[in-house]
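Written below as structure tokens is the structure these notes are about.
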Protein chains: 2
Amino acid sequence: MGTKPTPRSALAAARSRTPLRSIHGNGHGSGHGTGYGTGLFADCPDLLGTPFSYAREEEIYGEGEDAEFVYRVVEGAVRSHKVLSDGRRQITGFHLAGSLFGFEQGDVHWHTAEALADTRVLIFQRRPIERAATHSAEVACQLWSMATANLRDAQDLTLLLGRRSAQERLAAFLVEVDGRFGGTGTFALPMTRRDIADYLGLTIETVSRTFSQLEEDGALRRSGGRQITLHRARLRHVVEN
Amino acid sequence: MGTKPTPRSALAAARSRTPLRSIHGNGHGSGHGTGYGTGLFADCPDLLGTPFSYAREEEIYGEGEDAEFVYRVVEGAVRSHKVLSDGRRQITGFHLAGSLFGFEQGDVHWHTAEALADTRVLIFQRRPIERAATHSAEVACQLWSMATANLRDAQDLTLLLGRRSAQERLAAFLVEVDGRFGGTGTFALPMTRRDIADYLGLTIETVSRTFSQLEEDGALRRSGGRQITLHRARLRHVVEN
DNA sequence: CGCCCCGTTGACTCTCGTCAACAGACGTGG
DNA sequence: CCACGTCTGTTGACGAGAGTCAACGGGGCG
């Protein structure tokens with residue numbers, strides 16, 4: 001062995017064995033309370049995913065590559081982004097446990113996806129899913145509703161980037177992340193300042209300064225950079241609408 | 001009469017008559033070369049739309065309203081936007097002839113839609129469409145693909161707003177509009193400077209100054225504010241990537 | 001142990017926003 | 001027909017918010 005496994009090889013291996021096992025041996029089967037098991041959708045057990053893993057900072061797919069697979073995050077976190085030729089980068093979304101990513105219009109990815117942290121995913125072939133969609137209105141409706149949800153997120157981000165100040169952007173972002181982590185108000189950010197900056201259309205320096213400012217205002221407390229405790233009422237007051 | 005017709009009343013009127021006629025009497029039937037006729041999709045003649053008209057600056061639906069209808073532009077132009085409580089506005093899209101808008105996630109609109117100019121649309125009830133989608137995989141797939149196309153546009157806008165300068169934003173916008181009008185390089189903008197500014201996350205003054213700057217650089221020529229002739233090679237060079 | 005990366009902070013710059021004035025187009029009504 | 005007000009678009013002067021460049025501390029990893 002020694003050569004790095006690819007999604008394709010993992011898929012071939014999975015098909016030659018029954019039952020399905022993770023290539024990393026951590027095949028507990030059902031994901032982290034997402035209620036999906038290894039199926040694409042909760043009520044669609046015939047589209048099974050193959051477990052796969054990516055290391056921190058590893059690329060999952062690149063812009064322009066053939067969109068052969070789609071992915072569901074089981075554990076860890078992934079970012080999708082686009083880059084301009086001069087290196088400016090815009091992250092269009094973070095995918096945490098449970099979220100599905102990799103669907104694009106057309107046959108190639110128009111984003112790059114990378115693992116923020118060591119990440120376990122389920123991989124699904126795109127073709128069978130699309131074939132299933134053309135036969136099953138139910139599958140197609142689920143895909144539609146997923147796309148619509150993503151669309152709403154993208155448009156919220158549009159408003160954030162077009163019309164909000166640095167402070168409002170960061171506050172909204174933190175409230176959003178808190179919500180995705182259960183809304184306890186305390187969590188560890190899985191992404192770096194650079195990732196946050198490239199998501200919010202800012203620079204790392206501005207993000208850092210804005211963190212300090214929010215802390216001065218008593219809207220949050222930092223313990224060691226990534227670990228955050230929010231004062232949610234004050235943060236929401238910053239976001240206001 | 002004298003009371004303003006609503007989509008609901010137009011629909012009721014349409015159903016009491018056969019064949020279908022526009023409430024404004026301009027019922028040439030098939031739309032402007034979009035190839036759709038009055039059907040929702042080209043190959044889906046059973047979902048028929050009712051012609052309806054809106055005056056310049058008239059609201060079609062508001063954020064938070066019940067999403068009872070969806071719309072296809074026959075002639076004219078429409079903008080979708082969101083507003084913050086302090087009045088800051090972000091336009092998330094312009095809908096020109098042929099484009100379908102008004103689909104949202106959930107039962108209420110999360111945007112406001114307004115006619116930029118006098119506009120003729122076809123109105124479709126949302127419920128029957130959704131019912132059709134749950135029965136017909138083909139309809140559902142069309143809806144999915146439409147949502148995915150919108151998603152790509154929204155993410156392109158995200159990159160524009162997050163990482164591009166005023167000049168790049170305006171140049172990209174003009175190239176985009178030119179493309180939608182057939183790519184001749186000469187057209188009349190259907191929207192005001194304010195609309196452009198609110199789409200590009202800028203102010204009207206910056207838009208105006210950037211127009212002047214692009215004109216100085218020989219990237220376009222203005223004849224009377226709205227009428228534009230692009231020097232497409234130079235504009236694309238500004239956009240670069 | 002040392003290097004590198006991440007995060008923070010300071011000083012300065014610059015793009016874009018704000019405030020203001022003005023010109024031209026348009027519609028209305030005297 | 002012209003005076004008037006309004007709306008759109010342009011331009012100038014100025015200011016503020018975010019970007020750039022640079023230095024530095026701390027922690028993790030080889």
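Throughout, a chain's letter reflects where its sequence line sits, starting with A, and its residues are numbered from 1.
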Return yes if the base of C:dC16 and the side-chain atoms of B:E205 contain a donor-acceptor N/O pair under 3.5 Å, otherwise no.
-> no

Let me know the distance between CZ of B:R88 and C1' of C:dC16, rounded to the nearest Å.
-> 15 Å

Give the rounded distance in Å between these two atoms: CD of A:E57 and P of C:dC5.
-> 11 Å

Whichever of B:V207 and A:T206 has its nearest DNA chain C nucleotide further upstream toward 5' = A:T206

Base, sugar-phosphate alone, or nothing: which one does A:R169 contact when heavy atoms must sit under 4.0 Å apart?
-> nothing

Check step by step if salt bridge (charged side-chain N to carboxylate O under 4.0 Å, His left out) holds for A:E176 and A:R180.
-> CA-CA 6 Å; A:E176 161 76 19; A:R180 287 220 246 165; 3.3 Å; yes

Would you kindly give the CD-to-P distance between B:Q227 and D:dT8, to the nearest whole Å?
-> 19 Å

Under 3.5 Å donor-acceptor pair, B:R209 side-chain atoms to D:dG12 base atoms = yes

Whole-Å distance separating the CD atom of A:E168 from the P atom of D:dA16 | 18 Å

Please step through side chain to side chain contact (heavy atoms under 4.5 Å, CB included) for the pair B:V238 and B:Q167, ending with a clear verdict.
-> CA-CA 8 Å; B:V238 172; B:Q167 202 174 98; 4.0 Å; yes

Does any pair with a residue in residues 70-93 of chain A pass ring pair (Phe, Tyr, Trp, His ring centres under 6.0 Å), and if so which ones, sequence neighbours excluded?
-> A:Y61-A:Y71, A:Y71-A:F101

Using a 4.0 Å heavy-atom cut-off across all strands, classify B:R226 as base, sugar-phosphate, or nothing.
-> sugar-phosphate

Consider the side chain of B:S212, meaning its heavy atoms from C-beta on, and name the nucleotide among C:dT8, D:dT11, D:dG19 that approaches it most closely.
-> D:dT11

Describe the nucleic acid contact of A:S208 in one word from base, sugar-phosphate, nothing, applying a heavy-atom distance below 4.0 Å.
-> base

Report the distance from atom CG of B:L161 to atom P of C:dC16, rounded to the nearest whole Å.
-> 13 Å

Spacing of B:L200 atom CG relative to C:dG17 atom P, expressed in whole Å | 11 Å

Within 45° of the six-membered ring axis of A:F211 and under 6.0 Å from that ring's centre, is NZ or CZ of A:R193 located there?
-> yes

Atom pair distance, as rounded to whole Å: CZ in A:R56 and P in C:dC6 = 7 Å

base_contact_polar (C:dG7 base, A:R194 side chain, donor-acceptor, <3.5 Å) = no

5' priority, DNA chain C, between A:I204 and B:R164 [closest heavy atom] = A:I204

If you look at every strand shown and take non-hydrogen atoms under 4.0 Å, does B:R222 touch a base, only sugar-phosphate, or nothing?
-> sugar-phosphate

Indicate, with a heavy-atom threshold strictly under 4.0 Å, whether A:L202 touches base, sugar-phosphate, or nothing.
-> sugar-phosphate

Under the salt bridge (charged side-chain N to carboxylate O under 4.0 Å, His left out) criterion, do B:D195 and B:R79 qualify, and how do the steps go?
-> CA-CA 8 Å; B:D195 290 329; B:R79 61 172 179 256; 3.1 Å; yes

Could you check how far CD of A:E215 sits from P of C:dG7, rounded to whole Å?
-> 15 Å

